[in-house]
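Because only heavy atoms are used, hydrogens play no part in the values below, and waters and symmetry mates are left out as well, while side chains stay in.
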Amino acid sequence: MNSIYDYVTAGACFILPYAGGGLGARVVKKNMKWYDSLKHPRHTPPAWVFGPIWGILYGTMGAASYMVLRETQGGHDAILPLSVYGTHLLLNWSWTPVFFGLHKLKASVGIIAATTVGAAASAYLFGQIKPLAGYLLCPYILWLLYASSVNVGTAVLNSDATKEE
């Protein structure tokens with residue numbers, strides 16, 4: 001890092017994934033009683049696991065995006081990978097208000113599926129620029145696959161209890 005711009009850019013890349021997660025945490029906290037009342041698949045982790053896991057994953061996502069931005073020096077080669085990444089981040093952030101805030105279990109399944117596809121596409125595109133950046137997204141993709149199975153299981157187990165449009 002050579003300038004204040006480099007430090008600001010690195011900071012923004014690292015902080016950005018946490019921004020939506022922080023806002024989502026408030027929605028989760030307000031709806032834990034509802035969440036606890038749901039039927040859950042046997043492989044659902046305890047609630048305390050989510051904070052540390054997302055903390056680590058958001059950090060690796062930020063590092064990966066910074067590597068791509070730095071490797072391309074913010075040029076045209078970064079536009080598609082970072083656009084896909086940004087779109088997938090918006091999907092990621094939207095899952096919490098839909099699942100926890102609106103209690104839309106079926107809709108949340110579609111969102112997590114789209115988030116997973118977006119994360120995989122981001123990993124592929126990042127890997128074309130900087131292989132390590134693509135690899136850094138692999139644990140996140142694995143977590144999304146696992147979380148998807150929990151999400152689908154929860155939606156199925158509670159399909160009679162929730163009235164969705």
Side-chain angles (χ1 to χ4, degrees), residues 12-65 68 78-129 133-165:
C13 286
F14 279 95
I15 291 168
L16 183 62
Y18 291 100
L23 295 172
R26 291 181 176 157
V27 176
V28 171
K29 189 174 182 178
K30 290 180 182 177
N31 288 281
M32 280 309 293
K33 188 174 182 178
W34 167 80
Y35 177 77
D36 290 339
S37 75
L38 296 174
K39 297 173 194 166
H40 300 281
R42 290 185 181 154
H43 64 285
T44 302
W48 65 265
V49 168
F50 292 96
I53 294 226
W54 279 112
I56 293 166
L57 295 175
Y58 283 145
T60 60
M61 292 161 61
S65 67
V68 168
I79 293 172
L80 178 61
L82 292 177
S83 295
V84 170
Y85 171 75
T87 301
H88 121 274
L89 261 184
L90 292 173
L91 285 164
N92 175 303
W93 296 339
S94 72
W95 183 89
T96 301
V98 170
F99 183 91
F100 280 95
L102 300 175
H103 305 169
K104 298 290 188 183
L105 305 182
K106 293 175 189 171
S108 69
V109 169
I111 292 169
I112 201 168
T115 302
T116 304
V117 170
S122 295
Y124 174 78
L125 294 168
F126 281 17
Q128 298 299 301
I129 293 168
Y135 295 138
L136 279 174
L137 294 181
C138 290
Y140 170 52
I141 295 164
L142 292 173
W143 175 255
L144 284 172
L145 291 169
Y146 169 69
S148 295
S149 73
V150 173
N151 193 172
V152 168
T154 302
V156 168
L157 289 172
N158 294 281
S159 60
D160 292 339
T162 59
K163 293 180 182 177
E164 294 189 47
E165 297 178 32

Ignoring hydrogens and angles, write down the donor-acceptor pairs under 3.5 Å from the side chains of residues 21-31, residues two or more places apart or on other chains.
| unit_1 | atom_1 | unit_2 | atom_2 | d |
| --- | --- | --- | --- | --- |
| Asn31 | OD1 | His103 | NE2 | 3.1 |
| Asn31 | ND2 | Val27 | O | 2.8 |
| Asn31 | ND2 | Phe100 | O | 3.3 |

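Considering every non-hydrogen atom in both Ala107 and Val98, the closest pair reads CB-CG1, 3.9 Å. When all heavy atoms are compared, the tightest approach of Trp93 to Pro97 is O-CD, 3.0 Å.
Of the inter-residue distances, the one linking Lys106 atom NZ with Ile111 atom CD1 reads 14.5 Å to the nearest 0.5 angstrom. Met61 contributes atom CE, which lies 12.0 Å from atom CZ of Phe14 (distance to the nearest 0.5 angstrom). Here the CZ-OG1 distance, from Phe50 to Thr96, works out to 10.5 Å after rounding to the nearest 0.5 Å. Residue Leu38 holds its CG atom at 6.0 Å from CG of Leu105, rounded to the nearest 0.5 Å. Between atom OG of residue Ser94 and atom CG of residue Leu102 there is a gap of 10.0 Å, rounded to the nearest 0.5 Å.
For Pro52, there are no side chain to side chain contact (heavy atoms under 4.5 Å, CB included) partners two or more places apart in sequence or in a different chain. Ile79 meets the side chain to side chain contact (heavy atoms under 4.5 Å, CB included) test with His76, Ser83; sequence neighbours excluded. Every residue meeting the side chain to side chain contact (heavy atoms under 4.5 Å, CB included) condition with Ala120, not counting sequence neighbours, appears here in chain and number order: Ile141. In this structure Tyr18 satisfies the ring pair (Phe, Tyr, Trp, His ring centres under 6.0 Å) test together with Tyr58, sequence neighbours excluded. Applying the side chain to side chain contact (heavy atoms under 4.5 Å, CB included) criterion to Ala121, with sequence neighbours excluded, gives Val84.
You'll find the side chain of Val150 reaches within 4.5 Å of the side chain of Pro45, heavy atoms only. Leu82 is listed as a side-chain neighbour of Phe126, based on a closest heavy-atom distance under 4.5 Å.
Evaluation of the side-chain hydrogen bond (donor to acceptor under 3.5 Å, both in side chains) test over residues 133-154, restricted to residues two or more places apart or in two chains, returns His43-Ser149, His88-Tyr140, Asn92-Tyr140, Trp95-Asn151, Ser108-Asn151. The side-chain hydrogen bond (donor to acceptor under 3.5 Å, both in side chains) pairs that include a residue from residues 111-125 number zero, where partners must be two or more places apart or lie in different chains.
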